[in-house]
There are 2 protein chains.
Amino acid sequence: MYSTILRYSNSEFIMLETHTEERTHGSCNKMLLPVSDALYVLSGKWKIPIIIALTFGNKRFGQISKEIPKITDRMLAKELRELELNQLVSRKVYDTIPVTVEYTLTDYGATLQPVIEELAKWGFHHRERMFGETQK
Amino acid sequence: MYSTILRYSNSEFIMLETHTEERTHGSCNKMLLPVSDALYVLSGKWKIPIIIALTFGNKRFGQISKEIPKITDRMLAKELRELELNQLVSRKVYDTIPVTVEYTLTDYGATLQPVIEELAKWGFHHRERMFGETQK
DNA sequence: GTAAGTACTATACCCATGTATAGTACTATA
DNA sequence: TATAGTACTATACATGGGTATAGTACTTAC
């Protein structure tokens, strides 16, 4: 399903890089490409919620499912698979009955924290600006 | 098309906030909500490219169109409209013949720079990690 | 009168993402 | 026997974001 290329980035913006002659500002591309890479890895409705959930400790499938209201099993399984492919999350199977599976944010996944914090900081100010009230 | 609520955030995650009893970690929500707000504002395939383009100077519709390969007029018009709604971009119409329209990144839009830089930084390292080579 | 340059809008369609609902395989417990 | 708990998978469907292609309205230049 995910080729080596797709695993780390989408192809659209790789292509952008090869067409620099069409852009006036080279530095523009230098930002666009990595930003697109980052957003691609975080793409979809559930990856950030899952990552945030795992920053508060290792969790099992069922626990994550309970902590993220409205996510379906299918989506959770799919997103965890993608996060594992990108080495942001690791999966450990325990030989219990029934089998339990523990998901952990990898050290690499933890490097996303500054990104998420910056997004949170901006989102927080945006909310203040739009509503003029502080989030409790 | 966009209600007052939708203009600043998606409704899914507003709902999350009201269901805190289902979450084990309250601080989890405190991050999730603003992060979702931020990602909502930046959502879609073209907003970041447009914002990055405008950080290098005010531009007209046609110029932006040329600088972002493959974007269609329809998408560009739509995304610019949304960015304007969120006050990240301002639109100035000049009484020339034919009419020219200049788009500017607002001061508020410029506050996204740290966010975008953090995304770029992470994306850059991600690319290095996945390819083991530095982007030229 | 027709092309060209401006900034769009209209219409129809495609497809990836996400949803809804059910089913699998295993075993312990009542 | 059947229910419950684990972690999923299968199938079908819906939706919305994006694409493709064309058309609008205005005026100047050829």
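Naming: A, B, ... by sequence-line order, numbering from 1 per chain.
- In this structure, of C:dC8, C:dT6, D:dA7, it is C:dC8 that holds the atom nearest to the side chain of B:Val101.
- Relative to the side chain of B:Glu79, the nucleotides D:dC26, C:dT17, D:dG18 differ in distance, and D:dG18 lies closest.
- At D:dT19, one or more side-chain N or O atoms of B:Lys45 fall inside 4.0 Å of OP1 or OP2 (strictly under the cut-off).
- Rounded to an integer number of Å, the gap from CG of B:Leu76 to P of C:dA7 is 10 Å.
- A straight line from CZ of A:Phe61 to C1' of C:dA25 spans 15 Å, rounded to a whole angstrom.
- Separating the CD atom of A:Gln63 from the P atom of D:dT6 is a distance of 9 Å, rounded to the nearest angstrom.
- One can place NZ of B:Lys59 at 17 Å from C1' of C:dA7, the figure rounded to the nearest angstrom.
- Looking at A:Arg74, its side chain has no donor and acceptor atom pair within 3.5 Å of the base of C:dT21.
- One can place CG of A:Asp73 at 14 Å from P of D:dA10, the figure rounded to the nearest angstrom.
- To the nearest angstrom, P of C:dG18 lies 13 Å from CD1 of A:Ile48.
- Atom CE in A:Met75 sits about 14 Å away from atom C1' in D:dC8, given to the nearest Å.
- Among D:dA7, C:dT6, D:dT28, the nucleotide with an atom closest to any side-chain atom of B:Ile97 is D:dT28.
- Ring pair A:Tyr108/B:His126 is parallel by interplanar angle, where below 30° counts as parallel and above 60° as perpendicular.
- Looking at which nucleotide of DNA chain C each of B:Ala77 and A:Thr72 is closest to, the 5′-most match is held by B:Ala77.
- Atom CD1 in A:Ile68 sits roughly 14 Å away from atom P in D:dA7 (whole-Å rounding).
- In this model, the phosphate group of C:dT9 is approached by a side-chain N or O of B:Arg81 to a distance below 4.0 Å at OP1 or OP2.
- Across all strands shown, the partner of D:dC8 is C:dG23, judged by Watson-Crick or G-U wobble contacts whose two distances both fall under 3.5 Å.
- The side chain of B:Thr100 lies closest to C:dT6, out of D:dA7, C:dC8, C:dT6.
- If you chain together hydrophobic residues whose side chains sit under 4.5 Å apart, A:Phe61 and A:Val93 fall into the same group.
- The side chain of A:Trp46 lies closest to C:dG18, out of D:dA7, C:dG18, D:dG18.
- For A:Glu84 and A:Arg81, the salt-bridge test fails: no basic side-chain N is under 4.0 Å from an acidic carboxylate O.
- The closest donor-acceptor contact from the side chain of B:Thr104 to the backbone of B:Thr106 lies at 3.5 Å or more, if one exists at all.
- With a 3.5 Å ceiling on both atom-pair distances, the Watson-Crick or G-U wobble partner of C:dA30 is D:dT1.
- Connection of A:Val101 to A:Ile97 is not established within any shared hydrophobic cluster, with ILVMFWY side chains joined at heavy-atom distances below 4.5 Å, either directly or through further cluster members.
- Contact annotation for B:Tyr94: no contact, since no heavy-atom pair falls under 4.0 Å across all strands.
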